[in-house]
Amino acid sequence: MNYDFREIEAKWQKYWAENETFKASNDSEKPKFYALSMFPYPSGAGLHVGHPLGYIATDIYSRYKRHKGFNVLHPMGYDSFGLPAEQYAIQTGQHPAITTENNINRYREQLDQLGFSFDWSREVRTSNPQYYKWTQWVFIQLFNAWYNKKSDKAENISSLISIFEKEGNANVEAVCDDDTPTFDAAAWNGFSEKEKQEIVLKYRLTYLADTEVNWCPALGTVLANDEIVNGVSERGGHPVVRKKMTQWSMRITAYAQRLLDGLDKIDWPQPLKDSQTNWIGRSVGASVTFNVLDAERSRSDQDGISTPLNHPYQIEVFTTRPDTIFGVSFMTLAPEHELVAKITTPEQKAEVDAYVEATAKRSERDRMADVKTISGAFTGAYAEHPFTKEPIPIWIGDYVLASYGTGAVMAVPCGDQRDYDFAKHYHIDIPNIFEGVDISEEAFADKENTVIAKSDFLNGLPYKKAMKKIITELEKIGHGEGKVNYRLRDAVFSRQRYWGEPFPVYYVDGMPQMIDVEHLPLQLPEVEKYLPTETGEPPLGNATEWAWDTDKNEVVSNNLIDHKTIFPLELNTMPGWAGSSQYFNRYMDPRNDDAIFSPEAINYWQDVDLYIGGSEHATGHLLYSRFWQKFMFDMGYVPKDEFAKKLINQGMITGTSAFVYRLGKKLTLREINNSDSSKKREDGRDNINLRNQMIQDTKEFEDSIVKDFEISKTVFIPSFQGEIMKLTPFETSYRLQNKLLQYLNDEDKSKVLNKECFIDISFEPVHVDVSLVNASDELDVEGFKQWQPEYKDAEFILEDGKYIVSREVEKMSKSKYNVVNPDAICEEYGADSLRLYEMFLGPLEQSKPWNTAGITGVHSFLKKLWKLYSPFIDSDAERSRSVTESEPTAENLKTLHKTIKKVEEDIENFSFNTSVSTFMICVNELTAQKCTSKAILEPLAILVSPYAPHIAEELWSRLGHSKSIAEAPFPKFEEKHLVESSKEYPISFNGKMRFKLELPLDMNKDEIEAAVMAHEKTLAQLEGRTPKKVIVVPGKIVNIVG
RNA sequence: GCCGAAGUGGUGGAAUUGGUAGACACGAUGGAUUCAAAAUCCAUUGCUCACAAGGCUUGCGGGUUCGAUUCCCGCCUUCGGUACCA
């Protein structure tokens, strides 16, 4: 009987579902084990081959733990709010809830095919109102909390208010907004209700604040960095600017230190911890205040006339090197800094304004990445050095980011390379305040070897002493203090989107009010359009039924808003990470309508024992979840302040993206005035020389614009067999010249044909869905046009009647349209083959491009495995019974126990690829040994079962068992079967292995050396030389030197 | 730019503490079986030198060591993250 995987897999999937084999109980005698895979976003592209990689690993571990006697919780759900469903809704008008439901059904089908041991009774969906009710609930808890630095934890806001009532806020040590005023009890009690609310909002763990966003005026919406390419929107290529908007923020910075400290307690990969550590970015230094000199005074100073001091403004900076304060020769503000507009002198205004505007167009990442271009502008204003009282010019520069520190730096060019480069570029003084250091070429940033000079009271001090001294001095003169700064910023929690959790918030007199918990969930309203409103409000602004009636406690029509009992509701929605920040706890008690989870459930499961997911979540989901968990811990809802003990990052399965190239709308006709190159062009043969010539001549063409003209159509240019990115832009233009003639008028055309002009172009790569491309990289042009409405009338310039895309290995993602589904593989080879193959591909943590080439190998392994059990499968022979009951041979036992040992070690080390090899070796050996012993084959089935559960169940039942293999105890390894008496020693000469020699293992060092030295092959190798040294490592190796 | 990971045959990868580099597969080549094909089985397969013997070989260049894929220093390339993709 052949291995019929289709029948076997369907049979056992049905069996598991019907018998609820993997349903976890919240009450068990067994020890608990919580194994979790990061839940997927159900994209329209379906589950791709990268998803199961981590799921299979978690599943193997879960099944292994069941064999080891644990009560295993292994749930699955969907992170089902998100941008793609909304984009799809915008494009098609289809409600995201419907798309999402369809996508989930598709995912479920695909997941079911793969034979995971999920407890589906616990499924959660973040977009389900019964689920997001609790996301809203957490939000309210955060709103009703403040962070008390004295107790170093979050507390209920009522404790803060009662302090205010008794004594004001002078003695309160809390994490709060920078602009929080100080007041006493009398003042507090005198505040109006609204003023009180405004003050308290500055303390709440979730609060309203003005934050910068990427605003795209043309689309009327905020864009993710991801949606911006080269400074313009990915969709449509519209300009994007940085803009301030009032949004909800989460005071994650309150937890900066605890998030850092907590990393020591958890077994997470070091690189992931590193990235969280860097993200939090703790640095120790000082905050220093510089007074801005009055403009009049600074000007008159230059004339040598002194006028009275006046300090209308102050600049606060954070520096990690206050010891270098005497090296300050200028200050740099971020162009967005609020003082820029106030201090800029009239003479400098035009330059500064232009620079500020230019900066607004650059993304933050761009500004950080680009260290080569130095740019800035002088404000005309001066600050006063707190010690020397010298005037210091104040510049603005985009290398200073508004969001980091105070958005201002005291520039010490001799000690900081960026300051140094800036100073060099603008010919600003670079005073050297280090003893015995040459700074003519570069800045000196070595703290350890620092000796301060030319710095008044700091002269001669090393770094550490100078730090201490300067902080004392700063404090003495009231110009600063020692400070710990974190790079971590409060997390923006508002999104101007439709498809997300609505905030349980309505506004009374502009102040946010929480809806009572008992009235949750506040459900998403229906809208006509999913786009922002014409006035630029978020999509929820389109809802007509979106007001809160405080009497009836329900959502009512906007028309009824009277600001007395009926108020407008919040129009923003929550971000993607809201729903994923407590889902792991919700799984413990997912159907509970009265609480996010019961105390019994959380106290039983405690935390996640093993969490598997991608490292790309390092500073998003994994940091925010730790933050919420700590908050939940502070409030006494959860027993652990870290939600996952151990975390493994699965490597990404990368995809092979396909690109087409969209021609820029603007073409430029340029004059050819170089007689040499045009001559060469005429003969047309010397292309390489021509190209080189033209590249050299490019400068010459720069000024030779005859005219610009626009083409209204979307045109795609060939990839030149995928080589386009290797060509110079110039060369590409040249190759396309003839094809572009059709867009020219006759006069221009003849100029090009007469070689007087050529057409200069720009172009950009566009991702195309890999399903529209065949195996030879040829694009289905018609399919492409139908694929997205914007390409409906696109024109293609073909090569030999075909459009060949270019390929690149990238992250597999819906936005890159390079997703490959597991369905076809399941159909052809079965789930067990796919499971084994994904593991066999390589180490779990490593990323690798998807390639199905080797799948036949694991599939034929399963066939061999099946064949090994044929005495139990082919029932005809009664004689086979006697064979199968036979005692296993020593050889059989050796093979089995070698396998048990290796597989157990591999699973514990998450080295699943090597156990697949081990199974192959085991089956090859047992087949060669003609093993038919039940005593061997029974434990082998259990070993295989976590990896290939369907075939293992089938074999198990054929072996005569009536119950599932799922809880069969894992075979016990016995060392005695592996004991060897001799070892085949590799004999090396100067480190190179020359021959092998079998020797008893109980020989000691000297005996081994004697045996080896006496051997004829040794003598032959030595050719009469006497070895200088003989290294003998018993049980390992012999190395003869000389 | 910064932070992180990876680089081993034609391909995926193995080598668990510094001790036989290339396990196990894929592919390729030859053969068996077959009317034929599929499937299956057997053999060969890092490169180089026409055999052998030998030489070379873990991204590149150095170093430590009796011995380095493994440790150290300096580079190169690819991939991931970089705060609104999830």
Side-chain angles (χ1 to χ4, degrees), chain A residues 2 38-41 43 79 81-84 213-214 221-228 247 269-272 274-275 277-279 364-372 399 403 418 487-497 575-577 580 614-621 623 649 651-652 654 809-811 813-816 837 840-843 845-849 851-858 860-861 863 902 905-906 909 911 913-914 916-921 924 984-996 1027-1031 1033 1035-1042:
Chain A
N2 283 331
M38 287 183 191
F39 64 169
Y41 173 79
S43 99
D79 190 12
F81 272 134
L83 212 46
V213 294
N214 298 312
T221 187
V222 176
L223 297 178
N225 282 340
D226 205 49
E227 297 173 286
I228 304 168
Q247 309 198 75
Q270 195 55 44
L272 195 154
D274 289 348
S275 82
T277 304
N278 292 334
W279 191 260
E364 220 167 72
R365 194 184 303 176
D366 210 29
R367 284 163 61 175
M368 281 189 289
D370 185 6
V371 291
K372 288 187 189 118
Y399 76 100
S403 53
R418 283 169 316 173
R487 197 178 74 105
L488 184 73
R489 314 203 282 254
D490 279 345
V492 179
F493 199 67
S494 295
R495 297 291 183 270
Q496 294 69 44
R497 313 282 185 199
W577 55 270
S580 58
S615 62
E616 66 275 20
H617 300 283
T619 51
H621 162 59
L623 193 64
N649 285 134
M652 201 166 323
T654 44
V809 170
E810 284 186 305
K811 187 173 162 178
S813 117
K814 45 210 175 283
S815 63
K816 294 182 165 48
Y837 184 59
F840 190 60
L841 269 178
E845 294 92 333
Q846 243 166 60
S847 88
K848 48 234 151 195
N851 168 13
T852 50
I855 192 147
T856 53
V858 293
S860 57
F861 156 74
K863 286 198 247 180
K902 177 86 172 114
E905 280 169 4
D906 282 347
N909 292 321
S911 172
N913 55 327
T914 49
V916 179
S917 302
T918 304
F919 288 135
M920 289 173 170
I921 294 166
N924 288 348
E984 196 177 30
Y985 278 92
I987 312 300
S988 303
F989 291 79
N990 297 319
K992 283 196 196 304
M993 202 274 291
R994 295 299 170 183
F995 65 92
K996 290 176 187 172
K1028 286 191 193 118
K1029 206 170 175 183
V1030 179
I1031 285 134
V1033 184
K1036 289 242 160 147
I1037 200 174
V1038 176
N1039 189 17
I1040 297 162
V1041 186

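The analysis underlying the following values was restricted to heavy atoms, covering all of them including side chains, and did not include hydrogens, waters or symmetry mates. A note on names: the letters A, B, ... follow the listed sequences, proteins ahead of strands, and every chain is numbered from 1.
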So, under a plain 3.5 Å distance rule, would you say the side chain of [X] forms a donor-acceptor pair with the base of [N]?
{"X": "Q247(A)", "N": "C84(B)", "result": "yes"}
{"X": "N278(A)", "N": "C3(B)", "result": "no"}
{"X": "K902(A)", "N": "U16(B)", "result": "yes"}

If you check the [X] side chain, which of [options] turns out closest?
{"X": "K996(A)", "options": "C79(B), A86(B), U20(B)", "answer": "U20(B)"}
{"X": "Q846(A)", "options": "G12(B), A23(B), A6(B)", "answer": "A6(B)"}
{"X": "T914(A)", "options": "A83(B), C66(B), A15(B)", "answer": "A15(B)"}
{"X": "Y41(A)", "options": "A86(B), G19(B), A23(B)", "answer": "A86(B)"}

Worksheet item: Base, sugar-phosphate alone, or nothing: which one does T856(A) contact when heavy atoms must sit under 4.0 Å apart?
Response: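 Sugar-phosphate contact only - T856(A) comes under 4.0 Å of backbone atoms but never of a base.
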Practice prompt. Quick one: label V1030(A) by what it contacts on the DNA or RNA (base, sugar-phosphate, nothing), any heavy atom closer than 4.0 Å.
Written response: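 No contact.
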Quick one: [X] [atom1] to [N] [atom2], roughly how many Å, whole number?
{"X": "M993(A)", "N": "A21(B)", "atom1": "CE", "atom2": "C1'", "result": "10 Å"}
{"X": "K1036(A)", "N": "U16(B)", "atom1": "NZ", "atom2": "P", "result": "9 Å"}
{"X": "K848(A)", "N": "U11(B)", "atom1": "NZ", "atom2": "C1'", "result": "15 Å"}
{"X": "N649(A)", "N": "A86(B)", "atom1": "CG", "atom2": "P", "result": "19 Å"}
{"X": "R495(A)", "N": "C85(B)", "atom1": "CZ", "atom2": "C1'", "result": "11 Å"}
{"X": "R497(A)", "N": "A86(B)", "atom1": "CZ", "atom2": "C1'", "result": "13 Å"}
{"X": "K992(A)", "N": "G18(B)", "atom1": "NZ", "atom2": "P", "result": "21 Å"}
{"X": "N990(A)", "N": "G55(B)", "atom1": "CG", "atom2": "P", "result": "11 Å"}

Worksheet item: At under 4.0 Å, does any side-chain N or O of N913(A) touch on OP1 or OP2 of A14(B)?
Response: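 Checking N913(A) against A14(B): at least one side-chain N or O falls below 4.0 Å of OP1 or OP2.
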Discussion item. Can you see if the side chain of K1029(A) gets near the phosphate of C66(B) - specifically, an N or O under 4.0 Å from OP1 or OP2?
Written reply: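 So the side chain of K1029(A) is within the cut-off, an N or O lying under 4.0 Å from OP1 or OP2 of C66(B).
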Can you tell me how far apart [atom1] ([X]) and [atom2] ([Y]) are? Round to the nearest 0.5 Å.
{"X": "H617(A)", "Y": "M38(A)", "atom1": "NE2", "atom2": "CE", "result": "5.0 Å"}
{"X": "R487(A)", "Y": "N278(A)", "atom1": "CZ", "atom2": "CG", "result": "7.5 Å"}
{"X": "I1040(A)", "Y": "N990(A)", "atom1": "CD1", "atom2": "CG", "result": "9.5 Å"}
{"X": "Q247(A)", "Y": "D490(A)", "atom1": "CD", "atom2": "CG", "result": "12.5 Å"}
{"X": "T918(A)", "Y": "D906(A)", "atom1": "OG1", "atom2": "CG", "result": "5.5 Å"}

Practice prompt. For H617(A) and for D490(A), find the nucleotide of RNA chain B with the closest heavy atom, then tell me which residue's nucleotide is more 5'.
Written response: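 Here D490(A) is the residue nearer the 5' end.
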Practice prompt. Let me know, please, whether I855(A) or W577(A) comes out on the 5' side of the other along RNA chain B by nearest nucleotide.
Written response: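 The residue closer to the strand's 5' end, by nearest nucleotide, is I855(A).
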Response to the item:
Taking Watson-Crick and G-U wobble contacts under 3.5 angstrom, with | marking pairs to another strand and [ ] crossing pairs, the secondary structure of RNA chain B is written (((((((..(((......[....)))((((((.......))))))(((.....)))..(((((..]....))))))))))))....
Fill in: Stepwise side chain to side chain contact (heavy atoms under 4.5 Å, CB included) test for F81(A) and R497(A)
CA-CA 10 Å; F81(A) 272 134; R497(A) 313 282 185 199; over 6 Å; no
Worksheet entry | Parallel, tilted or perpendicular, as decided by the 30° and 60° cut-offs, for the rings of W577(A) and F493(A) |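 Perpendicular, since the angle between the ring planes exceeds 60°.
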Discussion item. Apply side chain to side chain contact (heavy atoms under 4.5 Å, CB included) to residues N1039(A) and K1029(A) and explain how you reach the verdict.
Written reply: CA-CA 8 Å; N1039(A) 189 17; K1029(A) 206 170 175 183; over 6 Å; no
Worksheet item: Nucleotide by nucleotide, 5' to 3', does protein get under 4.0 Å of the base (B), only the sugar-phosphate (S), or neither (-) in nucleotides 41-48 of chain B, counting heavy atoms?
Response: S-------
